[in-house]
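Everything on this sheet refers to the single structure shown next.
Computed over heavy atoms, backbone and side chain alike; hydrogens, waters and symmetry mates excluded. A, B, ... follow the sequence lines: proteins, then strands. Residue 1 opens every chain.
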Amino acid sequence: MSSSVITRFAPSPTGFLHIGGGRTALFNWAFARKTKGKMLLRIEDTDRERSTPEAVAAILDGLTWLGLDWDGEAESQFSRASRHREVAEILLARGLAYRCYCTPQELQQMRERAEAEKRPVRYDGTWRDRDPASAPAGVRPAIRFKAPQDGETVIDDHVMGRVVFQNKELDDLIILRSDGNPTYNLSVVVDDHDMGVTHIIRGVDHLTNAARQTQIYRAMSWTVPDMAHIPLIHGPDGAKLSKRHGALGVEAYRAMGYLPEAMRNYLARLGWSHGDDEIFSTRQMIDWFGLDGIGKSPSRFDFVKLENLNGHYMRHTDDETLLQAFLAFLPHVAGGPEMLARIDDAMRAKLKRAMPGLKERAKTLVDLMKSAQYLFAQRPLALDDKARQIMADGGVAALQGLLPVLTGADWTAQGLETAVKAYAEASGAKLGKLAQPLRAVLTGTNTSPGIFDVLDVLGREESLKRIEDGLKLS
RNA sequence: GCGCCCUUCGUCUAUCGGUUAGGACGACAGCCUUUCACGUUGUAAAGACGGGUUCGACUCCCGUAGGGCGCGCCA
């Protein structure tokens with residue numbers, strides 16, 4: 001029987017789901033879907049001090065927004081603490097772990113001393129062989145894993161290749177705290193084993209842990225899962241992800257107006273490739289995904305490219321779907337709820353009709369929101385500087401001549417265009433000399449979708465009134 | 001400091017010993033055009049450095065430099 005793939009995404013709920021975590025989740029998800037396996041979700045909340053329910057909710061929300069789902073219920077690692085303790089006890093009973101009575105203060109001193117003497121900072125093994133009978137009274141011991149001191153631990157990583165650690169470089173880590181709670185390295189191993197995880201896909205920052213965890217698997221005679229350590233994502237400047245850059249929760253990307261499908265595509269392309277393919281559907285990504293397509297070197301997060309991709313997805317999303325996405329996006333952005341409150345059926349219809357022109361020039365939903373502004377503007381419109389300039393440069397006169405033409409025109413984009421072009425030809429005016437003043441007065445700015453579409457969507461009555469308002473300015 | 005990892009255009013990447021080193025974003029120039037976009041055509045732009053191995057290296061090996069990650073009773 002062929003064992004089917006089980007991956008897992010295991011975030012710690014100490015904050016939001018940042019972009020690197022999002023990509024790790026995406027890779028785990030894509031690999032599981034591709035292999036028709038499963039992706040489990042486990043919340044690594046063994047640190048009770050730092051784990052919060054809000055953070056768990058934020059992670060779930062972030063994954064959901066990204067369009068990633070998981071199999072079964074999200075598991076709380078902390079809820080499995082007793083099993084972790086049980087394994088620690090087994091290790092202890094088998095002589096593969098021992099009680100350590102060093103206090104945190106002593107360990108701190110040990111570290112400082114090592115640093116001062118420029119020696120490697122490691123636990124010195126004080127209690128490894130010491131007689132437990134000599135234990136100091138009143139000190140609750142932690143349990144340390146008795147790591148092999150000779151030989152090497154090898155990881156055959158699907159991304160990084162064969163990585164060799166000399167065992168003497170790895171010290172005896174604590175697997176059970178003195179308060180009886182398990183630590184990360186023990187918990188992961190036990191959980192991944194118990195949950196039948198076959199492939200561990202996570203950031204390279206866990207590479208050293210991979211070695212220590214491998215030793216624990218061996219000690220328990222458990223099968224070591226396949227591993228794939230993916231490179232990290234850096235900020236645009238090559239340094240670490242900072243608040244300013246990508247160290248934002250994925251919900252921040254939602255607020256910036258990116259589409260989930262664009263995020264998925266962009267994130268997939270960061271570190272993974274399928275030949276020269278740049279734009280692909282999630283379906284294609286799944287079909288093409290493989291661990292061997294993941295590169296080894298870290299990459300920088302490039303907002304400009306993300307924007308370009310997002311713009312592509314915006315333009316290629318049908319109007320109704322995009323309108324839905326827009327409506328769903330509004331609650332998450334400043335000023336959005338106010339706009340949402342003003343969208344009744346009539347406005348919704350206008351937005352829908354304006355959508356082809358709007359989405360053509362929007363890179364994000366935020367752009368869309370801004371460019372749709374003219375639909376919401378109340379008369380009399382306030383003109384911005386550029387619009388005023390256009391009116392001052394002969395705009396008024398142009399509109400005066402144009403007004404009767406529009407009044408008598410068939411009020412459709414096509415009809416209006418025909419009428420205005422005919423007038424332009426007859427009067428010898430360049431189309432731009434007419435279109436810009438119209439745009440100024442109709443939208444209050446100098447940029448907008450095609451002017452005949454604006455006229456059409458705004459409607460005859462509203463358009464003519466806005467023009468009249470504009471003429472009164474002079 | 002010690003350990004591990006990484007290194008192709010500005011950025012994301014293709015290449016799995018033999019290519020004029022390809023694509024995408026961005027940049028620049030042109031076209032299209034009622035604005036802004038879109039679209040389209042073209043241009044510039046890369047194998048960190050030094051040694052090997054080989055008939056032949058971006059590709060394999062070693063070293064150097066630079067960068068990253070790890071070194072918690074955090075995960």
Side-chain angles (χ1 to χ4, degrees), chain A residues 10-14 44-47 49-51 77 100 102-104 107-108 111 114-123 140-144 155 157 160-161 163-166 169-171 173-179 181-185 187-188 203-211 229 231-232 234 236 238-240 266 269-279 292 295-302 304-309 311-312 315 357 359-363 367 371 386 390 417 420-421 424 430-436 438-440 443 445-452:
Chain A
S12 59
T14 53
E44 311 247 318
D45 53 358
T46 52
D47 185 343
E49 308 268 308
R50 279 185 267 190
S51 301
Q77 184 161 68
C100 169
C102 289
T103 62
L107 294 173
Q108 179 64 28
R111 267 192 292 276
E115 223 157 285
E117 294 168 21
K118 303 205 169 179
R119 282 186 292 109
V121 182
R122 293 187 203 110
Y123 177 63
R140 296 189 54 175
I143 294 181
R144 280 185 190 270
I155 295 163
D157 195 88
M160 293 300 164
V163 182
V164 180
F165 289 88
Q166 295 304 315
E169 307 291 348
L170 274 10
D171 60 1
L173 65 264
I174 288 176
I175 52 178
L176 204 66
R177 298 178 174 93
S178 51
D179 66 2
N181 284 317
T183 59
Y184 169 77
N185 277 300
S187 301
V188 207
V204 270
D205 49 333
H206 284 283
L207 199 52
T208 313
N209 288 328
H229 287 88
L232 271 21
H234 293 162
K240 300 180 194 185
Y266 179 72
R269 207 63 194 73
L270 226 45
W272 175 78
S273 63
H274 180 264
D276 282 337
D277 294 305
E278 293 286 347
I279 294 175
D292 54 357
K296 293 181 170 187
S297 50
S299 48
R300 302 186 185 196
F301 196 92
D302 184 0
V304 178
K305 188 159 183 175
L306 207 210
E307 285 221 336
N308 170 277
L309 241 197
H312 173 89
R315 292 192 295 279
K359 73 182 182 185
E360 189 67 19
R361 54 215 92 211
K363 285 193 159 55
D367 289 347
S371 58
K386 285 172 181 164
I390 289 167
E417 179 165 359
V420 173
K421 281 191 171 166
K430 285 189 115 178
L431 192 50
K433 285 293 176 193
L434 301 174
Q436 281 304 77
L438 263 183
R439 192 167 347 255
T443 70
T445 74
N446 65 329
T447 62
S448 80
I451 199 63
F452 303 111

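- Nucleic acid contact for A:P231: none, since no nucleic acid atom lies under 4.0 Å from a heavy atom of the residue.
- Aromatic pair A:Y266/A:H312: ring centres not closer than 6.0 Å.
- Remark on RNA chain B: of its neighbouring residues A:F165 and A:R361, the 5'-side contact belongs to A:F165, judged by nearest-heavy-atom nucleotide.
- Under the 4.5 Å side-chain criterion, counting only non-hydrogen atoms from C-beta, A:S51 is in contact with A:P13.
- At a cut-off of 3.5 angstrom, counting only N and O atoms as typed in the model, there is a donor on one side and an acceptor on the other between the side-chain of A:K305 and the base of B:A24.
- The residue A:P298 sits close only to the backbone: its heavy atoms come under 4.0 Å of sugar-phosphate atoms, none of a base.
- Atom C1' of nucleotide B:U35 and atom CG of A:L434 are separated by 13 Å, given to the nearest angstrom.
- Applying the 3.5 Å distance criterion, the base of B:A75 shares a donor-acceptor pair with the side chain of A:N209.
- Looking at heavy-atom distances under 4.0 Å, A:H206 makes contact with a base.
- Between A:T46 and the phosphate of B:A75, there is a side-chain N or O to OP1/OP2 separation shorter than 4.0 Å.
- Within the nucleic acid shown, A:E360 comes within 4.0 Å of at least one base atom, counting heavy atoms only.
- Rounded to a whole angstrom, the distance from the P atom of B:U15 to that of B:C4 is 28 Å.
- The base of B:G22 sits within donor-acceptor range of the side chain of A:D276, with an N or O pair under 3.5 Å.
- Using a 4.0 Å heavy-atom cutoff across all strands shown, A:T14 reaches no nucleic acid atom at all.
- Using a 4.0 Å heavy-atom criterion, one finds that A:S178 contacts the bases of the nucleic acid, with or without backbone contacts as well.
- Rounding to whole angstrom units, NZ of residue A:K359 and P of B:G39 are separated by 14 Å.
- Along RNA chain B, the nucleotide nearest to A:E278 and the one nearest to A:K363 differ in position, and the one closer to the 5' end is contacted by A:E278.
- B:G66 is paired with B:C6 under the Watson-Crick or G-U wobble criterion, all donor-acceptor distances under 3.5 Å.
- A:K430 comes within 4.0 angstrom of nothing in the nucleic acid, heavy atoms only.
- In terms of polar N and O atoms assigned as donor or acceptor, the side chain of A:T208 never comes within less than 3.5 Å of the base of B:C71 in a complementary pairing.
- Picking from B:C6, B:A75, B:G3 the nucleotide with the shortest atom distance to the side chain of A:M160 gives B:C6.
- Comparing the P positions of B:C49 and B:C55 gives a spacing of 25 Å, expressed to the nearest Å.
- With both pairing distances under 3.5 Å, B:C55 is matched to B:G18 as a Watson-Crick or G-U wobble pair.
- At a threshold of 4.0 angstrom between heavy atoms, the contacts of A:F452 include nucleobase atoms, whether or not backbone atoms are also involved.
- Atom-to-atom, CD of A:E307 to P of B:A24 comes out at 20 Å; the value is rounded to the nearest Å.
- No contact: A:C100 has no heavy atom under 4.0 Å from any strand.
- Side chain to side chain, A:S448 and A:R439 meet the donor-acceptor criterion of an N or O pair below 3.5 Å.
- Under the 3.5 Å distance criterion, the side-chain polar atoms of A:T445 are matched with a main-chain donor or acceptor of A:T447.
- At the heavy-atom level, A:D47 lies under 4.0 Å from the strands shown only through sugar-phosphate atoms.
- At distances below 3.5 Å, not a single donor-acceptor pair connects side-chain atoms of A:S299 with backbone N or O atoms of A:L270.
- Taking the side chain of A:I174 as heavy atoms from C-beta on, and the options B:A14, B:C73, B:C12, the nearest nucleotide is B:C73.
- Residue-to-nucleotide contacts include a donor-acceptor pair under 3.5 Å from the side chain of A:R439 to the base of B:U34.
- A:Q436 has its CD atom 7 Å from the P atom of B:U35, to the nearest Å.
- Distance, A:K296 NZ to B:C58 P: 19 Å, rounded to whole Å.
- A:L431 comes within 4.0 angstrom of a base, heavy atoms only.
- Of the candidates B:C2, B:C4, B:A14, the closest approach to any side-chain atom of A:L207 belongs to B:C4.
- Comparing B:A45 with B:G10, their P atoms are spaced 10 Å from each other, to the whole Å.
- To the nearest 0.5 Å, atom CD1 of residue A:I279 and atom CG of residue A:L309 are 5.5 Å apart.
- A:N185 has no side-chain polar atom (N or O) that falls below the 4.0 Å cut-off from OP1 or OP2 of B:A75.
- For A:R122, no side-chain nitrogen or oxygen approaches OP1 or OP2 of B:G1 to under 4.0 Å.
- Nucleotide B:C28 forms a Watson-Crick or G-U wobble pair with B:G42, both donor-acceptor distances falling under 3.5 Å.
- Computed from coordinates, the A:D277 CG to B:U13 P distance equals 15 Å when rounded to whole Å.
- Taking atom CG on A:N308 and atom C1' on B:A37, their separation rounds to 12 Å, with Å as the unit.
- Of the nucleotides present, B:C71 is the one that pairs with B:G1 by Watson-Crick or G-U wobble criteria, both distances under 3.5 Å.
- When Watson-Crick and G-U wobble pairs are counted only if both distances are under 3.5 Å, B:U34 pairs with no nucleotide at all.
- Nearest to the side chain of A:L232, among B:U34, B:C69, B:C73, sits B:C69.
- Counting any heavy atom pair closer than 4.0 Å across all strands shown, A:I279 reaches no nucleic acid atom.
- Within the nucleic acid shown, A:S12 comes within 4.0 Å of sugar-phosphate atoms alone, with no base atom in reach, counting heavy atoms only.
- As rounded to whole Å, 7 Å separates atom P of B:G72 from atom CG of A:D171.
- Counting heavy atoms from C-beta outward, A:L232 and A:D205 have side chains that approach closer than 4.5 Å.
- Nucleic acid contact class of A:V164 (heavy atoms, under 4.0 Å, all strands): sugar-phosphate only.
- Looking at A:I155 and A:F165, their side chains come closer than 4.5 Å, going by heavy atoms from C-beta outward.
- Residues A:K305 and A:R300 fail the side-chain proximity criterion, which asks for heavy atoms closer than 4.5 Å.
- Picking from B:C25, B:U35, B:C5 the nucleotide with the shortest atom distance to the side chain of A:D302 gives B:C25.
- Checking A:R361, A:K359, A:E360 one by one against A:P449, the side-chain contact (heavy atoms from CB on, under 4.5 Å) holds for a single residue, A:R361.
- Distance from the side chain of A:R300 is smallest to B:C12 among B:G72, B:C5, B:C12.
- Taking side-chain N and O atoms only, A:S299 has a distance below 4.0 Å to OP1 or OP2 of B:U13.
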